[in-house]
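Here's the structure, in structure tokens; my notes come after.
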Amino acid sequence: MIGLDKNGIAQRIAQEVQNGYYVNLGIGIPTLVANFVRKNIEVEFQSENGILGMGPFPFEGEEDADLINAGKQTITALKGASFFDSSTSFGMIRGQHVDLTILGAMEVADNGDIANWKIPGKMVKGMGGAMDLVASAENIIVAMMHTNRAGESKLLQACSLPLTGVACVKKIVTNLACLEVVKEGFLLLERAPGISVEEIVAATKGNLIVPKHVPEMML
Amino acid sequence: MITKRVNSVADALSGVTSGMTLMLGGFGLCGIPENAIAELVRLNVNQLTCISNNAGVDDFGLGLLLQKKQIDKMISSYVGENAEFERQMLSGELAVELIPQGTLAERCRAAQMGIPAFYTPAGYGTEVADGKESRDFNGKPHLLEHAFKADFSFIKAWKGDEAGNLIFKGTARNFNAPMAGAARICVAEVEELVPVGTLDPNTVHVPGIFVQRIFQGEQYEKRIEQRTLSQRA
């Protein structure tokens, strides 16, 4: 049981990106989504440190210390891009002008709660912009592995870690499955290639709704 | 024209004393006030409270002040790239208030704009909400957040003129713009200080009224934290 790798997860999430969307990508797997978005649609990527119209990483020799993304990586600006300050940037987010937010998570609960910023006593890096994003975005997709390093489910009835936001996640794409958060819990929409429903059931701790027919992802 | 120009970084930081609350612009190492930070190290002021989105890296940016234990409290949104910071925080030597990035930015902007407090949905239902007033608007819960109060704000722009007008470059605008005029004294450092009349007023990002002192930094390292490249085909 392995299922998708990080690129596979990103590839599946890229299918959710629609024509005309402004999209905010989190650090990690979400950053990879940009590589798989269809070329025939118009999409702009927002990075909360102050750019709309973010382009690919620069070629060697063209990097600019004044041009980075929220992960502090060097980037480029596409034609039609704009720069702005942090307050304006979060105005775009809080004001729901950004159509889709894709971010990573440590845990997601079956009511849509998300935890991704702190492991008490161990890892305290801070929430960055994640709390603002999940509190305001209407469309939130989580990209993560289905289980943690100890093999335990990251899809739970209730998060054990400090929350980033409540009842906000709409969809989750893991290495094993694509799931939607509905009233009753995690609705299993698709299986990753080569993964059985039984394997997903075994790896999921939160309430899982399994329809009669669960198609395999089309990648 | 009211001139804001000071002749040295020492003059720019005149009046900074131990125990003060300082705002420092920048995101990661992008757009940080390098010369003001170096002067804070040289002045050896301590027991500082610093409001800054990040805390630099171990050997650059605010990491330099942390190394010398000049900071008692940090108010930030993300501190992930600084091992010394994490060590001081987990050991309890350093008080840390982590707040959502948009709330951090807006608390600066509120101070700049004379708005004492505002409501935001960020952090509702999390430990960020502890002890805060909450109120529903349009059926959605929001938290009451207050404007910051700071003694000095140190910001960095690309170009500025002697009247204190500022222009930023790229993503280096970040927290520098909302921190202008958000403290009792705003000190702006620029890569290039030009005579008045040189900047096109149409292109000014921050009007000089928000800036009390301006100087040209002696040098800028402009270190890149994550040099990430595309491969040429």
Side-chain angles (χ1 to χ4, degrees), chain A residues 27 31 47-51 54-77 83-91 93-94 113 115 117-118 120-136 162-168, chain B residues 27-31 53-54 76-81 86 89-90 96 98-106 108-110 112 120-128 140-143 158 168-178 205-206 220-232:
Chain A
I27 297 163
T31 307
S47 196
E48 64 266 26
N49 58 314
I51 177 173
M54 175 170 55
F57 301 129
F59 293 120
E60 189 168 5
E62 291 169 10
E63 62 271 30
D64 180 350
D66 292 326
L67 194 42
I68 64 168
N69 64 17
K72 285 107 179 174
Q73 296 171 306
T74 43
I75 52 159
T76 53
F83 300 120
F84 36 85
D85 65 69
S86 300
S87 176
T88 305
S89 181
F90 282 92
I93 291 162
R94 207 183 295 109
D113 287 358
W117 74 283
K118 183 179 184 182
K122 272 191 195 163
M123 195 257 345
V124 189
K125 293 188 185 300
M127 66 288 283
M131 280 193 185
D132 309 88
L133 282 158
V134 301
S136 292
L163 293 183
T164 307
V166 293
C168 53
Chain B
F27 184 100
L29 301 179
C30 181
N53 187 53
N54 313 92
S76 304
S77 86
Y78 190 83
V79 295
E81 278 83 22
E86 212 163 345
M89 173 168 62
L90 291 172
V96 178
L98 289 168
I99 60 180
Q101 195 173 122
T103 300
L104 182 72
E106 199 59 17
C108 294
R109 200 186 76 97
Q112 175 190 54
T120 176
Y124 179 80
T126 76
E127 61 183 56
V128 165
K140 189 173 172 170
H142 291 69
L143 301 178
W158 180 39
F168 302 96
K169 179 170 154 273
T171 54
R173 198 179 316 181
N174 54 57
F175 285 85
N176 288 303
H205 293 134
V206 168
Y220 285 95
E221 181 178 335
K222 294 179 74 166
R223 199 186 287 188
I224 292 175
E225 216 167 322
Q226 305 277 345
R227 188 180 303 273
T228 312
L229 303 171
S230 289
Q231 295 304 314
R232 286 180 202 273

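Keep in mind that what you see is a predicted model, and the values were worked out from it rather than measured. Quick note on labels: first sequence line is chain A, next is B, and so on, each numbered from 1.
Counting heavy-atom pairs closer than 4.5 Å to chain B, the top residue among Ala135(A), Gly126(A), Ser86(A) is Ser86(A). Per-residue heavy-atom pair counts under 4.5 Å with chain A were compared for Gly102(B), Ala105(B), Gly31(B), and the maximum is reached by Gly102(B). When each of Thr74(A), Leu163(A), Asp113(A), Val166(A) is scored by its heavy-atom pairs under 4.5 Å with chain B, the top score falls to Thr74(A). Ranking Glu225(B), His142(B), Met89(B), Arg223(B) against chain A, the residue ahead of the rest is Glu225(B), based on heavy-atom pairs under 4.5 Å. Considering only heavy-atom pairs separated by less than 4.5 Å from chain A, the leading option among Ser76(B), Cys30(B), Gly28(B), Pro141(B) is Cys30(B). When Val128(B), Val79(B), Leu90(B) are compared by the number of non-hydrogen pairs under 4.5 Å with chain A, Val79(B) comes out ahead. Heavy-atom pairs under 4.5 Å with chain B were tallied for Ala77(A), Ser47(A), Gly128(A), Ala70(A); the largest tally goes to Gly128(A). In terms of heavy-atom pairs under 4.5 Å with chain A, the best-connected choice from Pro121(B), Cys108(B), Gly123(B) is Pro121(B). Taking chain B as the reference chain and counting heavy-atom pairs below 4.5 Å, the highest number among Leu67(A), Ile51(A), Ile68(A) is found for Ile68(A).
Side-chain contact between Leu98(B) and Trp117(A) is present, with heavy atoms from C-beta onward closer than 4.5 Å. Contact of the Phe57(A) side chain with the Gln226(B) side chain is not registered, since no non-hydrogen atoms from C-beta on lie closer than 4.5 Å. In this structure the side chain of Thr126(B) never reaches within 4.5 angstrom of the side chain of Met127(A), judged on heavy atoms.
There is no contact between Val96(B) and chain A, counting heavy-atom distances below 4.5 Å. For Ala167(A), no part lies near chain B; criterion is any non-hydrogen pair under 4.5 Å. Using a 4.5 Å cut-off between heavy atoms, Thr164(A) contacts chain B through its backbone alone, with no side-chain atom that close. Contact annotation for Asn53(B): neither backbone nor side-chain heavy atoms come within less than 4.5 Å of a heavy atom of chain A. Interface remark: Glu48(A) contributes backbone and side-chain atoms alike to the contact with chain B (heavy atom separation under 4.5 Å). In this structure, chain B has a heavy atom under 4.5 Å from the side chain of Lys118(A), while its backbone stays farther away. Proximity to chain B (any heavy atom under 4.5 Å) is restricted, for Asn69(A), to the backbone atoms N, CA, C and O. Contact of Leu29(B) with chain A is not made at all, since no heavy-atom distance falls under 4.5 Å.
The line from CZ of Phe84(A) to OG1 of Thr171(B) is 10.0 Å long, rounded to the nearest 0.5 Å. Taken from CZ in Arg227(B) to CD in Gln73(A), the straight-line distance is 13.0 Å, to the nearest 0.5 Å. The structure places NZ of Lys125(A) at 13.5 Å from OG of Ser77(B), a figure rounded to the nearest 0.5 Å. Between Lys140(B) atom NZ and Ser136(A) atom OG the span is 4.5 Å, to the nearest 0.5 Å. Taking CG of Asp64(A) as the reference point, atom CD1 of Ile224(B) lies at 7.0 Å (rounded to 0.5 Å). Residue Thr120(B) holds its OG1 atom at 10.0 Å from CZ of Phe90(A), rounded to the nearest 0.5 Å.
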Exercise for review: Tell me, with the steps shown, if Lys72(A) and Tyr78(B) meet side-chain contact (heavy atoms from CB on, under 4.5 Å).
Suggested key: CA-CA 12 Å; Lys72(A) 285 107 179 174; Tyr78(B) 190 83; 3.6 Å; yes
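With respect to the salt-bridge test (charged N to carboxylate O, under 4.0 angstrom), the residues Arg109(B) and Asp85(A) do not qualify.
Closest approach of Pro162(A) to Glu127(B), counting heavy atoms only: CB-OE1, 3.7 Å.
Within a 6.0 Å sphere centred on CD of Glu60(A), heavy atoms belonging to other residues, nucleotides or ligands number 12 at most.
Formation of a donor-acceptor pair under 3.5 Å by the Asp132(A) side chain with backbone atoms of Gln101(B) is found in this model.
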